[in-house]
Amino acid sequence: MTTPVVTRFAPSPTGFLHIGGARTALFNWLYARHTGGRMLLRIEDTDRERSTEEAIAAILDGLTWLGIDWDDAPTFQSQRAGRHAEIAHELLESGGAYRCYATAEELAEMRETAKAEGRPPRYDGRWRDRDPSEAPEGAPYVVRLKAPQEGSTVVRDAVQGDVTFPNKDLDDFVILRSDGSPTYMLAVVVDDHDMGVTHVVRGDDHLTNAARQTMIYTALGWDVPTWAHIPLIHGPDGAKLSKRHGALGVEAYRAMGYMPVALRNYLVRLGWSHGDTEIFSTEEMIEWFDLAQIGRSAARFDFAKLENLNGHYIRSSDDDTLLETIDALLPHLETGAELQETLAGPAREQLRQALPGLKERAKTLIDLIESASYIWATRPLAPDEKAAKILDGDARGHLAALADRLDALADWTAAETEAVVRAYAEEAELKLGKVAQPLRCALTGRTTSPPVFDVLETLGREESLARIRDQAG
RNA sequence: GCCCCCAUCGUCUAGCGGUCCAGGACGCCGCCCUCUCACGGCGGAAACAGGGGUUCGAGUCCCCUUGGGGGUGCCA
């Protein structure tokens, strides 16, 4: 009989759910679902200064959007401070911890001397073995763990293997602050233990903490959970992910038009693999996910691949699903309200019908919406804004020049137009398609690029417009 | 500084001692399909960081170097 797996995702609500956190949550979720266990959610709001309600909402919203759910109500670490302190005092009584009266100045000095002497900056244990009677009367104190000084602590990690830390490198860290509040180190251990967490799946940056936490578990006589420290996600340049890169909240990805399935699929392949498989359904992910296949090296975030995946999911979504996805996205877009209104009318049906043709070339939902904008564009278009939206500045100029040439032909045919367009494109060293597409589509009566009418209208080419319409039948 | 981790195409990765003159995917480049773009199809360039070992045999195991990253708080 094996204990059912309990994982947890424990974000600190000091910002949004960033991409790394999202993947950590995903891995925890997949592992729990794979094993038939549970995934719990714990909000680590111990740092009252930096924790905000908005951040909590953003995190829950982000998880939900990604399709990650959790079992039971979320635990709020801040509400468990009493329990944390209780354990700290237990440790104090059992001799596993001690009171330290060193002041901030002393600590700073300690660090500086250590640095100057080329030693690692660690607490020197000055109160470790001192008699409590020596304590300054009524002075504030912190509680430090009486960490073993000899030997080593081994973190048995499901991803990293056994990682050994010499105990002499780990000092007597603080577990209870002078104001009686617990530090992260203590709080995590107590919470994970109380919540019955069996597997701690989190970022690589916590590996050293795992050693310290192991010490707490040991001092308490508790079972150490299975660790799984997953490699971090880096920016495209290999440096730690920052705002500069993709360390945006997941809501930013939503706003950029990425579908949750696509982001999830992208994320799961960052650091984890199942042979050569690239596309996973949710069921497949759950079925195949395992800690053993998680890689050990950091991965770089690559927008191009995400985009490709997104395009894949847009193409393979059926029209109704796509429509629903767009509906869900609209509230999160700046111009969404307007569009929502539009799509409540007949434009909705037009959009649905245009979708099969449109979705073939869209990389994001934003692309999709923009390429469909001819449906609800107000006519005649305001020259500068709307036209620019449809064609960029250069293309617009080229189109005008092209229209000039076409007008110069007395009675042009599709073939002639083709020739003129080709010649022009060659002279202007243009990608043929960019300029020619709208015209050619119009000539053949294709509607894949309806903007041509709008553009010609905008350019005031009434004559050209009439001809094209004629030609197109 | 000290401790820890990592290291296969530009990127994500497969590879768990021989079947690897290293496979897939994205991106890139050609060609095909085609009224354009896209989709799709076909093909191509592109990697085991370097050096020592171990072994009959190393991308795969060990060590060193180099290069990345993380940690080193009364933050989490």
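Below, chain A is the first sequence line, B the second, and so on; all start at residue 1. Computed from heavy atoms alone, side chains included, the values below leave out hydrogens, waters and symmetry copies.
Within the 4.0 Å cut-off from OP1 or OP2 of B:G27, at least one side-chain nitrogen or oxygen of A:Asn308 is found. Contact annotation: A:Thr14 side-chain N/O to B:A76 OP1/OP2 distance is not under 4.0 Å.
B:A25: Watson-Crick or G-U partner is B:U11, with both key distances under 3.5 Å. Pairing for B:G1 is with B:U72, a Watson-Crick or G-U wobble pair whose two hydrogen-bonding atom distances lie under 3.5 Å. Summarising the base pairing, B:G30 is matched to B:C42 through a Watson-Crick or G-U wobble pair whose two defining distances lie under 3.5 Å. Pairing partner, B:U19: none, since no Watson-Crick or wobble contact has both distances short of 3.5 Å.
Within the 4.0 angstrom heavy-atom criterion, no nucleotide atom of any strand lies near A:Gly203. Across all strands, A:Asn209 comes closer than 4.0 Å to base atoms (heavy-atom distances). Using a 4.0 Å heavy-atom distance criterion, A:His206 is classed as a base contact. Within the nucleic acid shown, A:Glu278 comes within 4.0 Å of at least one base atom, counting heavy atoms only. Among the atoms of the strands shown, none is found under 4.0 Å from any heavy atom of A:Arg202. Residue contacts shown for A:Arg122 are absent, as no nucleic acid heavy atom lies under 4.0 Å away. Using a 4.0 Å heavy-atom cutoff across all strands shown, A:Lys363 reaches sugar-phosphate atoms only and no base atom. Residue contacts shown for A:Thr46 are limited to sugar-phosphate atoms, with no base heavy atom under 4.0 Å away. Note on A:Thr164: only backbone sugar-phosphate atoms sit closer than 4.0 angstrom, heavy atoms only; bases stay farther off. A:Leu232 comes within contact range of the sugar-phosphate backbone alone, with a heavy-atom separation under 4.0 Å but no base atom that close. Base engagement by A:Ala102 is indicated by at least one non-hydrogen atom pair under 4.0 Å involving a base atom. Across all strands, A:Arg296 comes closer than 4.0 Å only to sugar-phosphate atoms, never to a base (heavy-atom distances).
Here the side chain of A:Leu270 is nearest to one of B:C12, B:A76, B:C6, namely B:C12.
On a pure distance criterion of 3.5 Å, a polar donor-acceptor pair joins the side chain of A:Asp276 and the base of B:G23. Side-chain to base pairing of A:Thr208 with B:C4: no donor and acceptor N or O lie closer than 3.5 Å to each other.
To the nearest whole angstrom, the two C1' atoms, one in B:C20 and one in B:U8, are 11 Å apart. On the P atoms, B:C32 is 36 Å away from B:A14, given to the nearest whole Å. Taking atom P in both B:G70 and B:C12, the straight-line distance is 15 Å, to the nearest Å.
Contact check on A:Asp319 versus A:Arg352 returns no salt bridge, with no Lys/Arg side-chain nitrogen under 4.0 Å from an Asp/Glu carboxylate oxygen.
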**OP:** Take A:Tyr266 and A:His312, measure what ring pair (Phe, Tyr, Trp, His ring centres under 6.0 Å) needs, and give me the verdict at the end.
**Re:** CA-CA 12 Å; A:Tyr266 176 70; A:His312 166 85; over 10 Å; no
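Between the CG atom of A:Asp172 and the P atom of B:G73 there is a distance of 13 Å, rounded to whole Å. Per the geometry, CG belonging to A:Asp367 stands 17 Å off P belonging to B:C37, to the nearest Å. Rounded to whole angstrom, the span from the CG atom of A:Asn265 across to the P atom of B:C26 amounts to 12 Å. Rounded to whole Å, atom P of B:U72 lies 12 Å from atom CG of A:Leu207.
Of the two residues near RNA chain B, A:Asp45 and A:Gly295, the one whose nearest nucleotide lies more 5' is A:Gly295. Map A:His312 and A:Val174 each onto its nearest nucleotide of RNA chain B; the residue landing nearer the 5' end is A:His312.
Aromatic rings of A:Phe289 and A:Trp29 (six-membered ring for Trp) have centroids beyond the 6.0 Å cut-off, not under it. Taking the six-membered ring for Trp, A:His199 and A:Phe27 have ring centres at least 6.0 Å apart.
Between A:Tyr101 and A:Arg99 there is a side-chain heavy-atom pair separated by less than 4.5 Å. Counting heavy atoms from C-beta outward, A:Asp290 and A:Tyr31 have side chains that approach closer than 4.5 Å.
Closest approach of A:Phe280 to A:Arg269, counting heavy atoms only: CE1-CD, 3.4 Å.
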